[in-house]
Each structure stands twice: as structure tokens, then as C-alpha cells.
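Data first, discussion second: the structure below is written as C-alpha cells.
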Amino acid sequence: QVQLVESGGGLVQAGGSLRVSCAVSGRSSSTYYMGWFRQAPGKGRVFVAVIGRNGGLTLYADSVKGRFTISRDNINNTMSLQMNSLKPEDTAVYYCAATSRNVLPRLTNEYDYWGQGTQVTVSS
């Protein structure tokens, strides 16, 4: 059974930076395409970014393009999301997810495994 555990959330002022990470256990992370989603209060879970198995392919939501960077370290079975120039509208619970599909999926139902989420709050 694959387990995903997020860390690194917190409170930051607008314009600041934060890095959230996801630790993968139970199976090598290189088996999966991995993504980040976020869910703001009262809203649905939405796609943020996804990265291919070896890190060569990435895809971002338009709302974070140019500000967020997704990366992975398959030796240490981790994935990260570096978030710069944060805005109050980036406030959400951030979830990492893994899929065995051979694509760059952006829909929640395309992912097989999910973490428990980490809160990111951006104050204005």
C-alpha cells in the first residue's frame, strides 16, 4: 500500500515563499506520475501541478504558472512544490497525489493515492 505524507505548510505573508513536500512510502515513487492539488474553504479540490516519473515533464495550472515549481527526488522518494510570490487566493489545503497512469493527469479521479493534506495560509 502506497502512503503519501505532506509537510511544510504554514502561514506566510503575501509575496512570500513556502515549500511543501510529499514523502512516498510503500513503493518507489518513480513508479508514479505525481501531482499537487489544493482545496480552499467551501470549494472543490483543483489541480495545481503534475510531474512525470523522471521529472522531465511538468504541467501547471494557469493560476500558478511562473510562481510555483514542482520537483521530485526519486532516490529519496519525495516530491516538492516551491511556491513563490504567494497571494491570499493561494490559501488552501494542499494535497499530493500519485497515479500509475502514463499521462499528466489533471483530474482528481485520475489519481490512485492521496495524502492527508497540509494547510497553506497566505495573509494579505
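Heavy atoms only: backbone and side chains are in, while hydrogens, waters and symmetry mates are out.
The two residues L57 and Y33 come nearest to each other via the heavy atoms CD1-OH, 4.4 Å. Considering every non-hydrogen atom in both M79 and S71, the closest pair reads CG-O, 3.2 Å. Of all heavy-atom pairs spanning S17 and Q82, the tightest one is CB-NE2, 3.9 Å. Between A92 and R38, the shortest heavy-atom distance links the atoms CB-CB, 3.8 Å. Scanning both residues, Y113 and L4, for their nearest heavy atoms gives O-CD1, 3.5 Å. Pairing each heavy atom of G52 with each of R72, the nearest pair is O-NH1, 2.7 Å.
Side chain of Y32 to backbone of Y111: no donor-acceptor contact under 3.5 angstrom is found. Looking only at distances, a side-chain donor or acceptor of Y60 sits under 3.5 Å from a matching main-chain atom of I70. When atom types are taken as modelled, the side chain of D112 and the backbone of S100 share a donor-acceptor pair closer than 3.5 angstrom. Judged by distance alone, the side chain of R67 and the main-chain N or O of S85 form a donor-acceptor pair under 3.5 Å. At least one donor-acceptor pair closer than 3.5 Å links the side chain of T118 to the backbone N or O of G9. Put simply, the side chain of E6 gets close to the backbone of C96: a donor and an acceptor are under 3.5 Å apart. With N76 contributing its side chain and T78 its backbone, the two residues share no donor-acceptor pair below 3.5 Å.
Within the 4.5 Å cutoff, side-chain heavy atoms of V24 are placed close to those of M34.
Electrostatic pairing of K65 and D62 counts as a salt bridge here, judged by a charged N lying under 4.0 Å from a carboxylate O.
With values rounded to the nearest 0.5 angstrom, L18 atom CG is found 4.5 Å from M83 atom CE. Expressed to the nearest 0.5 Å, how far CZ of R101 lies from CG of L107 amounts to 8.5 Å. If you take OG on S124 and CD on Q13, they are separated by 9.5 Å, rounding to the nearest 0.5 Å.
In this structure, L86 is not a member of the same hydrophobic cluster as Y95, with clusters built from ILVMFWY side-chain heavy atoms closer than 4.5 Å. The hydrophobic clustering, which links ILVMFWY residues whose side-chain heavy atoms are closer than 4.5 Å, places V120 and L11 apart. A continuous path of ILVMFWY side-chain contacts below 4.5 Å connects W36 to V12, so both sit in one hydrophobic cluster. Note on V64: it does not cluster hydrophobically with L59, by side-chain heavy-atom contacts below 4.5 Å among ILVMFWY residues. A single hydrophobic cluster is not seen to contain both V93 and V20; linkage of ILVMFWY side chains at heavy-atom distances under 4.5 Å, directly or through other members, places them apart.
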Show your reasoning for whether side chain to side chain donor-acceptor pair (under 3.5 Å) applies to Q119 and T121.
-> CA-CA 6 Å; Q119 177 70 47; T121 303; 3.3 Å; yes
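Side-chain atoms of N77 and S29 form a donor-acceptor pair, as typed in the model, at a separation below 3.5 Å. Donor-acceptor pairing under 3.5 Å is lacking for the side chains of N74 and R53. Residues S21 and S80 bring a donor and an acceptor atom of their side chains to less than 3.5 Å of each other.
The 12-atom threshold is not exceeded at CZ of R106, counting heavy atoms of other residues, nucleotides or ligands nearer than 6.0 Å.
Within the 6.0 Å centre-distance limit, the rings of W114 and F37 are counted as a close aromatic pair.
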